[in-house]
Amino acid sequence: MRNRYLDLLRFLAIVRVVVYHVTGWATLTLVFPAMSVMFALAGSLMAASLQRWGPGAVVRRLRRLLPSLWVVAAVFVPAMLLTGLPLSPKVLLWIFPVADPPANGWGAIALSVIWYLRDYLWFVLASPVALWLFRRAPVPTLVAPYAVLAAAELGLLPALPGALHHFGLYFGAWLLGFAHQAGMLRRLATRVLVPVALALAAAGAAWIVTHPGPRGYDLNDNPLGNALWSAAFILVLLGRAPAGARWVDRRAVFGRVVTVFNRRALTVYLWHMPFVAALTPLVDVVGWSHQDPLGLAVRVVLVFALVAVVTALVGWVEDVAARRPPELVPGGSRPAPTGAGSPAPPGPGAPPAPATAARSGPATGRAGVPSPRAARDPQTVEISAG
């Protein structure tokens with residue numbers, strides 16, 4: 001059964017990312033740290049996949065991640081080559097982005113969101129070892145990325161490579177997804193979870209206030225504050241996650257929108273920024289400033305409308321990558337909402353409904369982490385990107 005609460009979190013995170021890129025409102029990063037939430041959801045899915053498929057889960061994840069990127073590359077790489085991008089072997093990074101793929105001036109802005117796929121790819125590759133360590137020493141493994149990031153931000157590791165810096169920033173959220181999938185966050189007593197979350201939020205807020213970036217209190221300019229503040233959010237959002245959110249499907253239109261955003265998360269994420277970059281100067285031409293509410297509203301609507309068109313044209317690639325029957329608009333025969341105690345049948349193209357740990361905790365081994373020998377299926381949480 002799909003966990004509609006997790007679907008809702010992913011939907012909110014994607015919408016927040018798009019709106020932030022259109023408006024530039026730094027407050028949105030504080031109200032909902034979307035990128036860390038998406039990494040946490042992706043980490044939860046990756047842990048479930050590894051428990052079911054073993055190391056082969058890495059190939060399965062990459063198979064679902066890369067085709068949508070290749071569609072973007074097929075459109076934009078030739079355009080960049082024709083407008084000044086030198087042809088070099090580095091262009092092959094658009095096939096497998098273990099580092100930032102090359103881009104020219106306008107491409108660097110329009111395709112700036114590719115960093116997420118770069119980090120996602122590295123986190124997937126690191127997950128088999130990370131899960132092995134997490135099963136044996138959950139707390140030290142979870143704390144390690146935050147410790148590395150804190151050391152770098154405090155000047156103790158001034159020469160930390162950029163890749164490791166991003167591991168420190170977002171891999172902690174990925175590992176919190178491991179903890180969520182293992183049921184550890186759910187089992188954490190409220191008298192422990194709440195003080196820990198408050199302490200992390202307070203530490204993050206203090207660092208953000210005392211170390212403002214060029215855009216003020218924008219989390220994207222403050223890695224340590226971002227990591228701590230986001231960890232507090234994830235602890236609460238996933239540690240006290242409800243068994244489901246059946247109210248999402250009480251309104252057919254809203255439920256369908258949530259389904260579409262989840263099935264087309266990667267397409268929406270990859271294609272929204274080119275439209276943001278293209279529309280910003282065009283809107284200025286007609287006299288709407290960046291702070292004009294009407295101008296911002298028009299840009300938000302136009303970006304979502306253009307993304308909807310592209311999603312209808314190429315979003316089916318995500319279905320093919322996931323080995324689902326291609327659909328123009330996903331969720332067309334979504335079942336009626338059911339109670340929290342009765343599983344809803346899957347929609348068209350959805351995988352068989354697995355057991356979920358939301359109602360009954362998985363068999364556990366050392367440190368409360370599920371034993372790899374216990375029979376289980378992963379939660380049906382499909383994260384492509386955010």
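Geometrically, Arg16 engages Tyr20 in a cation-pi contact defined by less than 6.0 Å to the ring centre and at most 45° from the axis.
In the model, Thr280 has a side-chain atom that pairs as donor or acceptor with a side-chain atom of Arg299 under 3.5 Å. Between the side chains of Asn222 and Trp207, at least one donor-acceptor pair of N or O atoms lies under 3.5 Å.
Criterion: ILVMFWY side-chain heavy atoms under 4.5 Å apart, direct or through other members. Under it, Val303 and Phe261 are part of a common hydrophobic cluster.
Other residues, nucleotides and ligands place no more than 12 heavy atoms under 6.0 Å from the CH2 atom of Trp122. Around the CD1 atom of Ile109, the shell of radius 6.0 Å holds no more than 12 heavy atoms that belong to other residues, nucleotides or ligands.
Salt-bridge check for Arg324 with Glu318: failed, with every basic side-chain N at 4.0 Å or more from each acidic carboxylate O. Under a 4.0 Å N-O distance rule, the pair Asp319/Arg64 does not qualify as a salt bridge.
Centroid-to-centroid, the aromatic rings of Tyr116 and Phe39 come within less than 6.0 Å.
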Could you walk me through whether Phe304 and Phe275 pass ring-ring contact (aromatic ring centres under 6.0 Å, His included), step by step? CA-CA 9 Å; Phe304 276 109; Phe275 293 127; over 10 Å; no

When you look at Phe11 and Phe254, which way does the ring-ring contact (aromatic ring centres under 6.0 Å, His included) test go after all the steps? CA-CA 11 Å; Phe11 162 73; Phe254 182 67; 5.7 Å; yes

Criterion ring-ring contact (aromatic ring centres under 6.0 Å, His included) on Phe76 and Trp94, from CA distance to verdict: CA-CA 10 Å; Phe76 286 97; Trp94 282 102; 8.4 Å; no

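Side-chain contact between Val314 and Trp271 is present, with heavy atoms from C-beta onward closer than 4.5 Å. Side-chain contact between Met46 and Trp174 is present, with heavy atoms from C-beta onward closer than 4.5 Å. Between Val194 and Val236 the shortest side-chain heavy-atom distance does not fall below 4.5 Å.
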